[in-house]
Amino acid sequence: MDKHQVAEVLDEVGTLLELRGENPFKCRAYHAAARLLDGLAGELQPMLESGELARLKGIGEALTLKITELVKTGRLAYYEELRAQFPPGLFDMLGIPGLGPKRVKVIYEKLGIATIGELEYACRENRLVTLDGFGARSQQKVLEGIERIRRNRGRFLFSFAEAESIELHRLIRAHPDVLRSAVAGSVRRRKETTKDIDIVVSAERASGIMEAFTKLPLVETVTGHGETKSSAVLRSGIAADLRVVRDAEFPYALHHLTGSKEHNVAMRARAQRLGLKMNEYGLFRGEELVPCKDEEGLFAALGLDFIPPELREDLGEITGAEARKLPRLVERKDLRGVLHVHSRWSDGIGEIEELARAARKLGYEYLGLTDHSQSAGYANGLSVDRVQAQWREIEAVNARLLTEGLGMVILKGIESDILRDGSLDYPDEVLEGFDLIVGSVHSLFGMPEAEMTARIVKALANPYLTILGHPTGRLLLGRDGYSVDLLRVIDAAAEHGKAIELNANPQRLDLDWRFVRQARERGAKIAIDPDAHTPDGLADVDFGVGTARKGWLEAGDVVNSLNKAEFLAWIAARKTKR
DNA sequence: GCCGTTTTCGGCCCGACTGTTTTCAGTCG
């Protein structure tokens, strides 16, 4: 069993213990261990043998034994014993807002309900209200929750949530009582998907702002309405929370509501070690407030460098900030080139020249045009003849741009299918003619992991390939990526000096940021690519930059932060290896 | 279940809101 499978089992053990009503700190220990393993670099087996794993904070004697059992045998007797006590449908029920382990347990034990379907039926039959602690309101909320899960599984793409949060923030900020305000939560942290929007506001009086929020035309239903916190579901279907605090409390509240929860827990534990207490209203020594005028001041008061929101996942950022060793995160303006762009030659809708001018307007110096290769019949992929025709057009456009002194050059690229056996989609003499080759898997997604990994590793070893495109093929909220051993892929990319794509399309954001960080640590370069199919699509790069920052990348880790001359030299260096 | 420069036992982050209750448990972030 690999670490992710082990983590999944431990996480479920934690949840099962919650259902059983065990000591919450014991449950937390399992969840924490699962998270720890998920974020681990390297394999479990050697770390177990060397004792390295047992030395990790949060892994003690009991967990070491259980992890060992899982790695060695692929099973865990303790887990199976627990799982036999509860039907699997209870896990789905935990996804309904308002239902936690305690109430799910009651529903199961008193009514014998074990699936969401049965629960829905029971609500309609008015049976939930018979339980202690449940009433008509709870029953109605459960029904609404089930409906919401059915509608959209309760999560939204970052691109959607960001746009909604900007609009909502604009409306709230316009209220005359608002002093300071910000979008917080997972949107501020630039998570790839998000459940809701969090907005935090400071004001001397909260009531007027609360009232105005709940009456916004954008708001469909108000799900909570307190003195300082209100919740609503917007017409677009996404939920939003508004929190109002006094102005002196704003930095603490902004930090608190930005999260992540795990980051906050670790920060409060740090405060406690320093003899302080931290909550959303302040940082306190005894009764006395430690004044901070902004988030920078708050981090400084805890002996830390400022931690950019993207890094706040409790994955080492606090230790990094303490040691003054956080990376200087890449920004959009660091990027000099835009790669992986489709034109009307395959399945895009822009002319080559139009795309080049749009890219220049966004500040880029070079554009890697990469239409689909000949196997991609579905996307009007380029035959060898059409490749050569396209090269002639690129040369003509480049000549025009040069005369104009526009400072933009188009590179002759291709998005070549990686075929079943790991080879690229043209004979070598054609591949030789490209400046840039993005290799992507577009077929046979169902391959077993070992085969898929070998297929991709072989493509990375091909001297003609420049960049591995969307390395898992996932579609967020749509389809899981194909099975592939990403660490082996990353190592192969590092070994052959190839870049791995961070596909910036908001539905992909593939490579995932957790692995972006692994790539950086293992010495593989990243290319932040829009995979644009229209001139407007070039702007998707912004989403990729957010994900890159979440993966701790600096400009130096990103190949398209090289200027034109440097990038051409990087490409040329790859060619000489042929 | 984990952890320890006060501790090997007794802590473990903290508060708002809801719904159902007469004082609070459960959920959520």
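Per chain, numbering begins at 1; letters A, B, ... match sequence-line order.
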(request) Answer yes when A/Arg474 and A/Asp512 have at least one side-chain N-carboxylate O distance shorter than 4.0 Å, and no when they do not. (result) yes
(request) Kindly say whether, by distance alone, the side chain of A/Asn23 makes a donor-acceptor pair under 3.5 Å with the base of B/dG1? (result) yes
(message) Of the options B/dT18, B/dG1, B/dG15, whose atoms approach the side-chain atoms of A/Glu280 most closely?
(response) B/dG15
(request) Have a look at A/Gly98 and say if it touches a base, only the backbone sugar-phosphate, or nothing, with a 4.0 Å heavy-atom cut-off. (result) sugar-phosphate
(request) Using a 4.0 Å heavy-atom cut-off across all strands, classify A/Leu65 as base, sugar-phosphate, or nothing. (result) nothing
(request) Could you please name the partner base of B/dT8, counting Watson-Crick and G-U wobble pairs only when both distances are under 3.5 Å? (result) none
(request) Report yes or no: is the cationic atom of A/Arg517 (NZ for Lys, CZ for Arg) closer than 6.0 Å to the six-membered ring centre of A/Trp552, at no more than 45° off its axis? (result) yes
(request) Measure the distance from CD on A/Glu249 to C1' on B/dA16 and round it to the nearest whole Å. (result) 13 Å
(message) Check this one for me: any side-chain N or O of A/Thr228 less than 4.0 Å away from OP1 or OP2 of B/dC17?
(response) yes
(request) Considering just the side-chain nitrogens and oxygens of A/Lys229, establish if one lies under 4.0 Å of OP1 or OP2 belonging to B/dT27. (result) no
(request) Check the distance between B/dG19's P and A/Arg103's CZ and give it to me in whole angstrom. (result) 9 Å
(request) Give a yes/no on whether any side-chain N or O of A/Asn279 is located under 4.0 angstrom from OP1 or OP2 of B/dG15. (result) yes
(message) Within the 3.5 Å criterion, strictly below it, is a donor on A/Glu313 or A/His263 matched to an acceptor on the partner's side chain?
(response) no
(message) Please determine whether a side-chain nitrogen of the Lys or Arg among A/Asp198 and A/Arg243 lies less than 4.0 Å from a carboxylate oxygen of the Asp or Glu.
(response) no
(request) Determine: side-chain N/O of A/Ser138 to OP1/OP2 of B/dT20, distance under 4.0 Å, yes or no. (result) yes
(message) I want to check one thing: is the phosphate of B/dC13, taken as OP1 and OP2, less than 4.0 Å away from some side-chain N or O of A/Arg28?
(response) yes
(message) How many whole angstroms separate atom CZ of A/Phe25 from atom C1' of B/dC3?
(response) 13 Å
(request) Look at the side chain of A/His256 and decide which nucleotide, out of B/dC3, B/dG29, B/dC28, has an atom nearest to it. (result) B/dG29
(request) Check every atom of B/dC2, B/dT27, B/dC13 against the side chain of A/Ala62 and return the nucleotide holding the closest atom. (result) B/dC2
(message) Expressed as a whole number of angstroms, how long is the span from A/Asp132:CG to B/dG26:P?
(response) 11 Å
(request) Would you indicate, yes or no, if B/dC14 has its OP1 or OP2 atom less than 4.0 angstrom from a side-chain nitrogen or oxygen of A/Tyr281? (result) no
(message) Does a side-chain N or O of A/Lys141 approach OP1 or OP2 of B/dG19 to a distance below 4.0 Å, or not?
(response) yes
(request) Report the distance from atom CG of A/Asp198 to atom C1' of B/dC28, rounded to the nearest whole Å. (result) 11 Å
(request) Say whether A/Arg312 and A/Ser260, considering side chains only, have a donor N or O and an acceptor N or O under 3.5 Å apart. (result) no
(request) Provide, to the nearest angstrom, the distance between the CD1 atom belonging to A/Ile318 and the P atom belonging to B/dC13. (result) 13 Å
(request) Mind calculating the distance between CD (A/Glu18) and C1' (B/dT27) to the nearest angstrom? (result) 11 Å
(message) I need the CG-P distance between A/Leu99 and B/dT27, as an integer number of Å.
(response) 8 Å
(message) Under a 4.0 Å threshold between the charged nitrogen and the carboxylate oxygen, would A/Glu52 count as salt-bridged to A/Arg55?
(response) no
(message) It should be established whether A/Lys261 places a side-chain nitrogen or oxygen under 4.0 Å from OP1 or OP2 of nucleotide B/dG29.
(response) no
